[in-house]
Amino acid sequence: WRAVLNHEKPDRVPMDYWATGEATNKLMQHLGCGSTQEMFERLHIDRIASVGPRYVGPTPPPGEDIYGCRHQNVDYGTGVYSECVYHPLAKYETLDEIKRNYDRWPKPDWYDYSEIPKQIVGNEAYPIRGGGSEPFLTYKSLRGQEQAFMDLILHPEIVHFCLDKLFDLAYENTRRIYEQIPGKVMISYVAEDLGSQEGLLFSLEHIRE
């Protein structure tokens with residue numbers, strides 16, 4: 001991983017691993033592995049160790065996350081995936097309505113960062129990932145996926161306001177993680193779904209904006 005990040009030739013291709021629980025269980029059974037760690041070692045996967053703060057803020061109502069979204073597991077036949085089924089900002093048509101009625105934007109002080117140094121103990125041989133951002137994913141949960149994409153054209157002022165709130169939290173969260181373990185974070189996860197195998201999800205103009 002260090003070689004790749006330094007634009008050098010690595011000793012082997014660095015590999016991370018993401019999968020549903022069903023896929024992981026099938027792979028472990030196929031390889032005869034008793035744990036995911038054993039599976040990673042068998043496949044030469046440099047398991048990334050993620051660090052992050054502990055949430056200590058206000059307890060959300062039962063069934064809701066800290067933003068007021070509700071999720072449920074949906075069985076697609078070949079795997080189960082958690083989908084957002086309630087979007088707390090979907091009912092508002094203007095930015096003024098959101099500002100007047102919605103006050104559940106998390107604050108950085110709602111998180112305890114003091115335990116992060118302990119999280120890297122025993123993981124010194126692996127890449128450490130901490131911080132980053134994916135604000136439009138949360139925005140889609142807040143507004144609903146279809147409405148979120150429509151907002152880019154119909155309500156850009158709502159998009160800008162909400163993404164500012166979400167990114168400011170992500171930025172400060174990342175800064176505080178770095179502060180806890182100076183020089184130890186190798187990877188920050190910065191992402192958004194911008195397209196599929198067949199085309200973009202929204203325009204280049206909006207991506208750049």
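Residue numbers start at 1 and run along the sequence shown. Note: hydrogens, waters and symmetry copies are ignored here, and every other heavy atom, side chains too, is used.
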Hydrophobic cluster identity match, Tyr189 and Val4, side-chain contacts under 4.5 Å = no

Quick one: salt bridge (charged side-chain N to carboxylate O under 4.0 Å, His left out) partners of Glu172, sequence neighbours excluded?
-> Arg175, Arg176

Residues in side-chain contact (heavy atoms from CB on, under 4.5 Å) with Leu27, at least two apart?
-> Tyr17, Leu31, Met39, Leu43

Gap between atom CG of Leu152 and atom CD of Glu205 - 0.5 Å precision | 10.5 Å

Under 3.5 Å, is there a donor-acceptor pair between the side chain of Asp65 and the main chain of Cys69?
-> yes

Indicate yes or no for a side-chain donor-acceptor contact from Glu22 to the backbone of Val80 under 3.5 Å, with no hydrogens or angles considered.
-> yes

Using ring pair (Phe, Tyr, Trp, His ring centres under 6.0 Å) as the criterion, list what pairs up with Tyr67, not counting sequence neighbours.
-> none

Side chain to side chain donor-acceptor pair (under 3.5 Å) with Asn173: of Tyr113, Tyr178, Tyr111, only one passes, and it is Tyr113

Can you name the residues that form a side chain to side chain donor-acceptor pair (under 3.5 Å) with Ser114, not counting sequence neighbours?
-> Asp112

Say you draw a straight line from CZ of Phe149 to NZ of Lys140; how long is it, rounded to the nearest 0.5 Å?
-> 4.5 Å

Just by distance, do the side chain of Ser196 and the backbone of Glu198 share a donor-acceptor pair under 3.5 Å?
-> yes

Quick one: side chain to side chain donor-acceptor pair (under 3.5 Å) partners of Glu83, sequence neighbours excluded?
-> Tyr76

For Tyr92, enumerate each residue passing the ring pair (Phe, Tyr, Trp, His ring centres under 6.0 Å) test, keeping only those at least two apart in sequence or located in another chain.
-> none

Atom CD of Glu146: over 12 foreign heavy atoms under 6.0 Å = no

Taking all non-hydrogen atoms of both residues into account, name the closest pair between Pro127 and Met186 and its distance.
-> CA-SD, 3.9 Å

Under 4.5 Å between side-chain heavy atoms, hopping through other hydrophobics if needed: is there a path connecting Ile207 to Phe136?
-> yes

Among pairs that include at least one residue of residues 36-46, which meet salt bridge (charged side-chain N to carboxylate O under 4.0 Å, His left out), considering only residues two or more places apart or in two chains?
-> Arg12-Asp46

Excluding sequence neighbours, so at least two apart, what forms side chain to side chain donor-acceptor pair (under 3.5 Å) with Asp16?
-> Trp18, Arg129

Among all residues two or more places apart in sequence or in another chain, which pass the salt bridge (charged side-chain N to carboxylate O under 4.0 Å, His left out) test with Asp164?
-> none

Side-chain contact, heavy-atom cut-off 4.5 Å: Leu137 with Glu192?
-> yes

Please check if the distance between the ring centroids of Phe161 and Tyr102 is under 6.0 Å.
-> no

CD of Glu93: more than 12 outside heavy atoms within 6.0 angstrom?
-> no

side-chain contact (heavy atoms from CB on, under 4.5 Å) filter on Asn123, not counting sequence neighbours, yields Arg47, Ala49, Tyr126, Ile128

Thr174 side chain vs Gly132 backbone, donor-acceptor pair below 3.5 Å | yes

Check the side chains of Gln147 and Asp151 for a donor-acceptor pair under 3.5 angstrom, ignoring hydrogens and angles.
-> yes

Ser82 side chain to Asn73 backbone, donor-acceptor under 3.5 Å = no

How would you list, by chain and number, every residue that makes a side chain to side chain donor-acceptor pair (under 3.5 Å) with Asp103, sequence neighbours excluded?
-> none

With under 30° as parallel and over 60° as perpendicular, where do the rings of Tyr55 and Trp110 fit, or are they tilted in between?
-> perpendicular

Those residues at least two apart in sequence (or on a different chain) that pass side-chain contact (heavy atoms from CB on, under 4.5 Å) with Arg100 are Asp96, Glu97

Check for a donor-acceptor pair, side chain of His87 on one end and backbone N or O of Leu142 on the other, with a separation under 3.5 Å.
-> no

